[in-house]
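Reminder, nothing fancy here: chain letters follow the sequence lines and each chain counts from 1. In this text the structure is predicted, and so the values were computed from the model without any measurement.
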Number of protein chains: 2
Amino acid sequence: MKNEFLKNWDTQLKKGLLPFFVLQALNQKECYGYELIQTLKDSLGIEVTESTIYPLLIRLMKEDLLIHKWVEQQSGIPRKYYFITEVGKSNLAEMQKSIVEIIEKIQQQ
Amino acid sequence: MKNEFLKNWDTQLKKGLLPFFVLQALNQKECYGYELIQTLKDSLGIEVTESTIYPLLIRLMKEDLLIHKWVEQQSGIPRKYYFITEVGKSNLAEMQKSIVEIIEKIQQQ
DNA sequence: TTTAATACATCGTATAACAAAGTATATAAA
DNA sequence: TTTATATACTTTGTTATACGATGTATTAAA
(Lines give C-alpha, C1' and ligand atoms only; values in the text may rest on other atoms or scores of the structure.)
Protein backbone atom coordinates (compact mmCIF):
# COMPACT_ATOMS: atom_id res chain seq x y z
CA MET A 1 0.00 0.00 0.00
CA LYS A 2 1.31 3.44 -0.97
CA ASN A 3 1.80 6.05 1.73
CA GLU A 4 0.22 9.50 1.69
CA PHE A 5 3.25 11.15 0.15
CA LEU A 6 3.36 8.73 -2.77
CA LYS A 7 -0.39 8.85 -3.35
CA ASN A 8 -0.22 12.62 -3.42
CA TRP A 9 2.77 12.52 -5.73
CA ASP A 10 0.92 10.23 -8.14
CA THR A 11 -1.90 12.78 -8.27
CA GLN A 12 0.48 15.62 -9.06
CA LEU A 13 2.26 13.60 -11.70
CA LYS A 14 -1.11 12.95 -13.30
CA LYS A 15 -1.73 16.68 -13.58
CA GLY A 16 1.05 16.92 -16.08
CA LEU A 17 0.65 13.65 -17.91
CA LEU A 18 -3.11 13.43 -18.25
CA PRO A 19 -3.60 16.12 -20.92
CA PHE A 20 -0.84 14.44 -22.91
CA PHE A 21 -2.37 10.98 -22.66
CA VAL A 22 -5.84 12.29 -23.48
CA LEU A 23 -4.65 14.13 -26.59
CA GLN A 24 -2.60 11.10 -27.57
CA ALA A 25 -5.63 8.79 -27.22
CA LEU A 26 -7.94 11.14 -29.14
CA ASN A 27 -5.30 11.53 -31.82
CA GLN A 28 -5.51 7.79 -32.41
CA LYS A 29 -9.30 7.54 -32.25
CA GLU A 30 -12.21 9.77 -31.30
CA CYS A 31 -13.85 8.82 -28.01
CA TYR A 32 -16.66 9.89 -25.74
CA GLY A 33 -15.80 10.83 -22.16
CA TYR A 34 -16.91 7.69 -20.41
CA GLU A 35 -15.17 5.56 -23.01
CA LEU A 36 -11.95 7.54 -22.53
CA ILE A 37 -11.91 6.62 -18.84
CA GLN A 38 -12.00 2.94 -19.81
CA THR A 39 -9.41 3.41 -22.55
CA LEU A 40 -6.95 5.14 -20.22
CA LYS A 41 -7.36 2.37 -17.68
CA ASP A 42 -7.21 -0.55 -20.11
CA SER A 43 -4.40 0.62 -22.37
CA LEU A 44 -2.30 2.65 -19.91
CA GLY A 45 -3.37 1.54 -16.45
CA ILE A 46 -4.22 5.14 -15.58
CA GLU A 47 -7.23 5.49 -13.30
CA VAL A 48 -9.20 8.70 -13.59
CA THR A 49 -12.65 9.60 -12.34
CA GLU A 50 -15.39 11.42 -14.21
CA SER A 51 -14.79 14.55 -12.13
CA THR A 52 -11.29 14.63 -13.55
CA ILE A 53 -11.94 13.74 -17.18
CA TYR A 54 -14.96 15.90 -17.95
CA PRO A 55 -13.49 19.20 -16.71
CA LEU A 56 -10.26 18.33 -18.54
CA LEU A 57 -12.11 17.74 -21.81
CA ILE A 58 -13.96 21.04 -21.37
CA ARG A 59 -10.65 22.79 -20.76
CA LEU A 60 -9.06 21.27 -23.86
CA MET A 61 -12.07 22.43 -25.88
CA LYS A 62 -11.77 25.97 -24.52
CA GLU A 63 -8.15 25.92 -25.69
CA ASP A 64 -9.36 24.78 -29.14
CA LEU A 65 -7.41 21.54 -28.94
CA LEU A 66 -10.62 19.50 -29.16
CA ILE A 67 -14.11 19.77 -30.61
CA HIS A 68 -17.11 17.64 -29.73
CA LYS A 69 -20.11 16.18 -31.49
CA TRP A 70 -23.20 14.74 -29.81
CA VAL A 71 -24.12 11.33 -31.17
CA GLU A 72 -27.61 9.93 -30.45
CA GLN A 73 -27.82 6.23 -29.64
CA GLN A 74 -30.51 3.72 -30.66
CA SER A 75 -30.92 3.13 -26.96
CA GLY A 76 -29.54 4.92 -23.95
CA ILE A 77 -27.99 8.30 -23.32
CA PRO A 78 -26.46 10.29 -26.20
CA ARG A 79 -22.68 10.28 -26.32
CA LYS A 80 -20.48 13.35 -26.60
CA TYR A 81 -17.63 12.39 -28.91
CA TYR A 82 -14.37 14.36 -28.79
CA PHE A 83 -12.12 14.94 -31.81
CA ILE A 84 -8.63 16.43 -31.84
CA THR A 85 -8.20 19.61 -33.93
CA GLU A 86 -5.21 20.78 -35.96
CA VAL A 87 -4.29 23.05 -33.03
CA GLY A 88 -4.56 20.01 -30.81
CA LYS A 89 -2.27 18.01 -33.07
CA SER A 90 0.43 20.66 -33.19
CA ASN A 91 0.31 21.10 -29.42
CA LEU A 92 0.48 17.35 -28.96
CA ALA A 93 3.59 17.28 -31.14
CA GLU A 94 5.22 19.91 -28.91
CA MET A 95 4.26 17.93 -25.84
CA GLN A 96 5.76 14.78 -27.31
CA LYS A 97 9.03 16.60 -27.89
CA SER A 98 9.09 17.83 -24.28
CA ILE A 99 8.26 14.37 -22.95
CA VAL A 100 11.02 12.77 -24.99
CA GLU A 101 13.51 15.34 -23.68
CA ILE A 102 12.45 14.68 -20.10
CA ILE A 103 12.71 10.92 -20.56
CA GLU A 104 16.24 11.38 -21.91
CA LYS A 105 17.15 13.50 -18.90
CA ILE A 106 15.78 10.88 -16.54
CA GLN A 107 17.61 8.06 -18.29
CA GLN A 108 20.97 9.80 -18.62
CA GLN A 109 21.45 10.25 -14.89
CA MET B 1 7.81 30.76 -28.28
CA LYS B 2 5.46 28.48 -26.38
CA ASN B 3 1.77 29.35 -26.14
CA GLU B 4 -0.14 29.75 -22.88
CA PHE B 5 -1.44 26.20 -22.93
CA LEU B 6 2.03 24.69 -23.28
CA LYS B 7 3.58 26.99 -20.70
CA ASN B 8 0.87 26.02 -18.27
CA TRP B 9 1.31 22.36 -19.11
CA ASP B 10 5.05 22.60 -18.44
CA THR B 11 4.25 23.99 -15.00
CA GLN B 12 1.85 21.18 -14.23
CA LEU B 13 4.31 18.57 -15.44
CA LYS B 14 6.88 20.08 -13.12
CA LYS B 15 4.56 19.61 -10.16
CA GLY B 16 4.91 15.90 -10.55
CA LEU B 17 8.52 15.62 -11.60
CA LEU B 18 10.17 18.14 -9.32
CA PRO B 19 10.00 16.17 -6.06
CA PHE B 20 11.47 13.22 -7.95
CA PHE B 21 14.35 15.24 -9.42
CA VAL B 22 15.07 16.91 -6.08
CA LEU B 23 15.22 13.59 -4.23
CA GLN B 24 17.30 12.12 -7.03
CA ALA B 25 19.78 15.03 -6.85
CA LEU B 26 20.04 14.91 -3.06
CA ASN B 27 20.48 11.15 -3.21
CA GLN B 28 23.59 11.70 -5.30
CA LYS B 29 24.98 14.57 -3.23
CA GLU B 30 23.80 16.83 -0.43
CA CYS B 31 23.04 20.39 -1.53
CA TYR B 32 21.86 23.69 -0.12
CA GLY B 33 18.75 25.24 -1.60
CA TYR B 34 20.31 27.85 -3.80
CA GLU B 35 22.82 25.33 -5.10
CA LEU B 36 20.01 22.92 -5.95
CA ILE B 37 18.43 25.52 -8.23
CA GLN B 38 21.70 25.72 -10.18
CA THR B 39 22.12 21.95 -10.22
CA LEU B 40 18.63 21.36 -11.59
CA LYS B 41 19.23 23.92 -14.31
CA ASP B 42 22.74 22.82 -15.23
CA SER B 43 22.30 19.06 -15.16
CA LEU B 44 18.65 18.75 -16.19
CA GLY B 45 17.73 22.06 -17.80
CA ILE B 46 14.90 22.47 -15.32
CA GLU B 47 14.30 26.06 -14.27
CA VAL B 48 12.85 26.61 -10.82
CA THR B 49 12.61 29.72 -8.70
CA GLU B 50 13.36 30.09 -5.03
CA SER B 51 9.65 30.38 -4.25
CA THR B 52 9.26 26.89 -5.67
CA ILE B 53 12.28 25.14 -4.23
CA TYR B 54 12.23 26.35 -0.62
CA PRO B 55 8.61 25.40 0.09
CA LEU B 56 9.25 22.06 -1.63
CA LEU B 57 12.28 21.34 0.56
CA ILE B 58 10.28 22.27 3.66
CA ARG B 59 7.52 19.92 2.56
CA LEU B 60 9.93 17.05 1.97
CA MET B 61 11.36 17.61 5.44
CA LYS B 62 7.89 17.55 7.01
CA GLU B 63 7.40 14.19 5.28
CA ASP B 64 10.72 13.01 6.80
CA LEU B 65 12.26 12.43 3.39
CA LEU B 66 14.96 15.02 4.09
CA ILE B 67 16.83 16.48 7.02
CA HIS B 68 18.85 19.69 7.05
CA LYS B 69 22.00 20.99 8.66
CA TRP B 70 23.07 24.64 8.84
CA VAL B 71 26.67 25.13 7.76
CA GLU B 72 28.42 28.39 8.62
CA GLN B 73 30.67 29.88 5.95
CA GLN B 74 34.02 31.68 6.39
CA SER B 75 32.34 34.57 4.62
CA GLY B 76 28.77 35.20 3.62
CA ILE B 77 25.42 33.78 4.61
CA PRO B 78 25.20 30.35 6.28
CA ARG B 79 24.00 27.55 4.03
CA LYS B 80 21.21 25.12 4.84
CA TYR B 81 22.32 21.73 3.52
CA TYR B 82 19.73 19.06 2.80
CA PHE B 83 20.34 15.32 3.14
CA ILE B 84 18.12 12.47 2.05
CA THR B 85 16.94 10.10 4.81
CA GLU B 86 16.29 6.36 4.68
CA VAL B 87 12.59 7.16 4.32
CA GLY B 88 13.52 9.47 1.47
CA LYS B 89 15.54 6.75 -0.22
CA SER B 90 12.77 4.18 -0.06
CA ASN B 91 10.23 6.67 -1.37
CA LEU B 92 12.60 7.65 -4.16
CA ALA B 93 12.90 3.98 -5.10
CA GLU B 94 9.11 3.72 -5.35
CA MET B 95 9.02 6.87 -7.46
CA GLN B 96 11.67 5.47 -9.77
CA LYS B 97 9.59 2.34 -10.28
CA SER B 98 6.50 4.43 -11.12
CA ILE B 99 8.47 6.64 -13.51
CA VAL B 100 9.94 3.64 -15.32
CA GLU B 101 6.45 2.15 -15.70
CA ILE B 102 5.12 5.41 -17.12
CA ILE B 103 8.01 5.72 -19.54
CA GLU B 104 7.31 2.19 -20.75
CA LYS B 105 3.65 3.06 -21.27
CA ILE B 106 4.58 6.17 -23.24
CA GLN B 107 7.06 4.30 -25.39
CA GLN B 108 4.87 1.29 -26.13
CA GLN B 109 2.13 3.29 -27.78
C1' DT C 1 27.66 54.03 -3.87
C1' DT C 2 25.07 51.32 -6.23
C1' DT C 3 24.39 47.20 -8.68
C1' DA C 4 24.53 42.24 -8.89
C1' DA C 5 25.18 37.78 -7.09
C1' DT C 6 24.53 34.83 -3.28
C1' DA C 7 21.28 32.69 0.19
C1' DC C 8 17.06 32.00 2.67
C1' DA C 9 11.97 32.90 3.54
C1' DT C 10 6.85 33.90 2.96
C1' DC C 11 2.33 35.62 1.05
C1' DG C 12 -1.12 35.54 -2.38
C1' DT C 13 -2.83 33.64 -6.65
C1' DA C 14 -3.88 30.30 -10.14
C1' DT C 15 -4.23 25.59 -11.80
C1' DA C 16 -6.18 21.15 -11.77
C1' DA C 17 -7.20 16.36 -9.66
C1' DC C 18 -10.72 14.40 -7.11
C1' DA C 19 -14.52 13.25 -3.71
C1' DA C 20 -19.16 13.89 -3.53
C1' DA C 21 -23.45 14.60 -5.25
C1' DG C 22 -26.69 15.04 -8.87
C1' DT C 23 -29.45 13.90 -13.41
C1' DA C 24 -30.92 10.41 -16.71
C1' DT C 25 -31.35 5.83 -19.25
C1' DA C 26 -31.27 0.80 -19.50
C1' DT C 27 -30.89 -3.79 -17.83
C1' DA C 28 -30.46 -7.55 -14.62
C1' DA C 29 -31.41 -9.41 -10.13
C1' DA C 30 -34.27 -9.69 -5.97
C1' DT D 1 -42.41 -4.76 -8.96
C1' DT D 2 -38.58 -2.89 -6.84
C1' DT D 3 -33.83 -2.44 -6.40
C1' DA D 4 -29.24 -2.51 -7.77
C1' DT D 5 -25.80 -1.88 -11.26
C1' DA D 6 -23.81 -0.08 -15.38
C1' DT D 7 -23.72 3.52 -18.55
C1' DA D 8 -23.16 8.63 -19.54
C1' DC D 9 -22.64 13.46 -18.51
C1' DT D 10 -22.25 17.57 -15.12
C1' DT D 11 -21.04 20.62 -11.22
C1' DT D 12 -19.44 22.16 -6.50
C1' DG D 13 -16.11 22.39 -2.99
C1' DT D 14 -11.59 21.03 -1.27
C1' DT D 15 -6.77 20.42 -1.54
C1' DA D 16 -2.06 20.52 -3.28
C1' DT D 17 1.55 23.01 -5.26
C1' DA D 18 4.25 26.07 -8.74
C1' DC D 19 5.34 30.71 -9.02
C1' DG D 20 5.31 35.94 -9.06
C1' DA D 21 6.26 39.31 -5.88
C1' DT D 22 8.40 40.86 -2.07
C1' DG D 23 11.42 40.87 1.86
C1' DT D 24 15.91 40.21 4.65
C1' DA D 25 20.96 39.78 4.78
C1' DT D 26 25.89 39.35 3.08
C1' DT D 27 29.64 40.14 -0.14
C1' DA D 28 32.07 41.73 -4.18
C1' DA D 29 32.49 44.22 -8.27
C1' DA D 30 31.40 48.35 -11.22
For B/Ser98 and A/Trp9, work out which heavy atoms get closest and say how close.
CB-CZ3, 3.8 Å
What pairs of donor and acceptor atoms, side-chain ones from residues 15-30 of chain A against any protein atom, are under 3.5 angstrom apart with sequence neighbours left out?
unit_1: A/Gln24; atom_1: OE1; unit_2: A/Gln96; atom_2: NE2; d: 2.9
unit_1: A/Lys29; atom_1: NZ; unit_2: A/Glu35; atom_2: OE2; d: 3.4

note: B/Lys80, atom NZ; C/dT6, atom C1'; distance rounded to Å ~ 16 Å
Among residues 87-105 of chain A, which contact DNA chain C at a heavy-atom distance under 4.0 Å?
none
Counterpart residues, salt bridge (Lys or Arg N to Asp or Glu O under 4.0 Å), relative to B/Lys69 (two or more places apart)
none
For DNA chain D, the residues among residues 31-42 of chain A that have a non-hydrogen atom under 4.0 Å from it
A/Tyr32, A/Gly33, A/Tyr34
By nearest-nucleotide position on DNA chain C, the 5'-leaning member of B/Pro78 and A/Val48 is B/Pro78
Could you go step by step and tell me if B/Cys31 and B/Lys80 meet the side chain to side chain contact (heavy atoms under 4.5 Å, CB included) rule?
CA-CA 8 Å; B/Cys31 282; B/Lys80 200 174 184 176; over 6 Å; no
Near DNA chain D, under 4.0 Å by heavy atom, which residues of residues 51-61 of chain B?
B/Ser51, B/Thr52, B/Arg59
Contacts satisfying side chain to side chain donor-acceptor pair (under 3.5 Å) that involve residues 52-66 of chain B (not counting sequence neighbours) are B/Thr49-B/Thr52
Do B/Leu66 and B/Phe83 come within less than 4.5 Å of each other through their side chains, counting heavy atoms only?
no
List in chain and number order the residues that pass side chain to side chain donor-acceptor pair (under 3.5 Å) with B/Tyr34, two or more places apart in sequence or in another chain; answer none if no residue qualifies.
none
A/Ile46 CD1 - C/dA17 P separation (whole Å)
12 Å
Flag the pair A/Tyr82 / A/Met61 as yes when at least one side-chain heavy-atom distance between them is below 4.5 Å, and no otherwise.
yes
Please enumerate all residues that pass salt bridge (Lys or Arg N to Asp or Glu O under 4.0 Å) together with B/Glu86, with sequence neighbours excluded.
B/Lys89
Restricting to salt bridge (Lys or Arg N to Asp or Glu O under 4.0 Å), what partner residues turn up for A/Lys105, sequence neighbours left out?
none
Apply side chain to side chain contact (heavy atoms under 4.5 Å, CB included) to A/Gln12 and A/Asn8, showing your working.
CA-CA 6 Å; A/Gln12 299 304 322; A/Asn8 200 0; 3.7 Å; yes
Check for a donor-acceptor pair, side chain of B/Lys14 on one end and backbone N or O of B/Glu47 on the other, with a separation under 3.5 Å.
yes
For A/Asn3, give me all partners under side chain to side chain donor-acceptor pair (under 3.5 Å), at least two apart in sequence or on another chain.
B/Asn91
Which residues within residues 2-25 of chain B lie with some heavy atom under 4.0 Å of an atom in DNA chain D?
B/Thr11, B/Lys14, B/Lys15
Categorize A/Gln73 for me: base, sugar-phosphate, or nothing, with a 4.0 angstrom heavy-atom threshold over every strand shown.
nothing
Check whether B/Ser43 reaches the backbone of B/Leu40 with its side chain - one donor and one acceptor, N or O, closer than 3.5 Å.
no
Round to the nearest Å and state the distance from A/Arg79 atom CZ to D/dT10 atom P.
14 Å
Can you give one letter per nucleotide of nucleotides 25-30 of chain D, going 5' to 3': B for a protein heavy atom under 4.0 Å from the base, S for sugar-phosphate only, - for none?
BSS---
Rounded to the nearest 0.5 Å, what separates atom CG in A/Leu36 from atom CD in A/Glu50?
12.0 Å
Rounded off to whole Å, could you give me the CD-to-P distance for the B/Glu50 and D/dC19 pair?
13 Å
Is a side-chain N or O of A/Gln73 found less than 3.5 angstrom from the main chain of A/Val71, in a donor-acceptor match?
yes
